[in-house]
Amino acid sequence: LLAAVGALLAWTWRSAAASRLPDTALRMAFKSTLYAGAFTAFVARFEDDERAARSLRAILLFLAGLAFLGIVESAFPDAGLFRLFRTERSIAIQPRVSSILPWPNPYGILMVAGVALSEGMAAARLLAPRAALLASLLFLTQVAQSGSRNAWGVTGLVLVLVAVRALRERKG
């Protein structure tokens, strides 16, 4: 996995060097290097089972906080905090908290990842079933609010996979 990340990073920098738009290419190559470093740290963190469980909880809490900000923004759209997230292109984006990402699709997909994570953690007994249900409802409200068709498609896929896993566990 780390060799694949290294190969992709090498290709990114090689492409940036040969690009017709060197400023944009170098900026994107630098961003991908930051993401690759974070990904490498993330993979290393999950080698130990105990650290992995703590990391999953931290990720779930981060996603829940992001979803909660989306709900608060719906109730108080003119609050000072949410003015920080506004950009010229974010006027049509709801919730505007999602403008920290390039467009609403990644926000919706992150909320779907929250559903998958909470359901997976409940199946692995790392999260109480009621807490998983509440987290899933929180994330699903934000999928709906994001209005992302891609997020709805991924939500359907995740829910089908969760249902298949539940049926397998019942039969086993």
**Request:** Please report the shortest heavy-atom distance between L60 and G114, naming the atom on each side.
**Result:** CD1-O, 4.0 Å
**Message:** L66 vs M111, test: side chain to side chain contact (heavy atoms under 4.5 Å, CB included). Steps then yes/no.
**Reply:** CA-CA 9 Å; L66 194 60; M111 296 300 106; 4.1 Å; yes
**Item:** Distance (rounded to the nearest 0.5 Å) between I59 CD1 and L117 CG
**Value:** 6.5 Å
**Fill in**
Smallest heavy-atom separation, A132 atom then A122 atom, equals CB-CB, 3.5 Å
**Asked** What about L137 and F62, same hydrophobic cluster or not, with Ile/Leu/Val/Met/Phe/Trp/Tyr joined at side-chain heavy-atom distances under 4.5 Å?
**Response** no
**Asked** Passes side chain to side chain contact (heavy atoms under 4.5 Å, CB included), T155 versus V115? Steps please.
**Response** CA-CA 8 Å; T155 300; V115 171; 5.9 Å; no
**Prompt:** Between A123 and E169, what is the shortest heavy-atom contact and its length?
**Reply:** CB-OE2, 4.1 Å
**Beyond-backbone contact of T24 with S19, side-chain heavy atoms, under 4.5 angstrom** = no
**Asked** Transitive ILVMFWY cluster of V164 at side-chain heavy atoms under 4.5 Å: who else is in it?
**Response** V160
**Message:** Using the rule that Ile, Leu, Val, Met, Phe, Trp and Tyr join whenever any side-chain heavy atoms are under 4.5 Å apart, tell me whether L157 and V143 fall into a single cluster.
**Reply:** no
**Asked** Are F30 and L9 connected in the hydrophobic side-chain network, where two residues link if heavy atoms are under 4.5 Å apart?
**Response** no
**Message:** With clusters defined by side-chain heavy atoms of hydrophobic residues (ILVMFWY) lying less than 4.5 Å apart, directly or transitively, does L161 cluster with V158?
**Reply:** no
**Message:** Does R14, at its CZ atom, have more than 12 non-hydrogen atoms belonging to other residues, nucleotides or ligands within less than 6.0 Å?
**Reply:** no
**Smallest separation among heavy atoms of S32 and T12, with atom names** = OG-CG2, 3.2 Å
**Fill in**
One should read off an interatomic distance between Q142 CD and L63 CG, to the nearest 0.5 angstrom, of 11.5 Å
**Request:** For A64, check side-chain contact (heavy atoms from CB on, under 4.5 Å) against everything at least two apart and list the hits.
**Result:** L138, F139
**Item:** Sequence neighbours excluded, every pair satisfying salt bridge (Lys or Arg N to Asp or Glu O under 4.0 Å) that has a member inside residues 54-70
**Value:** E50-R54
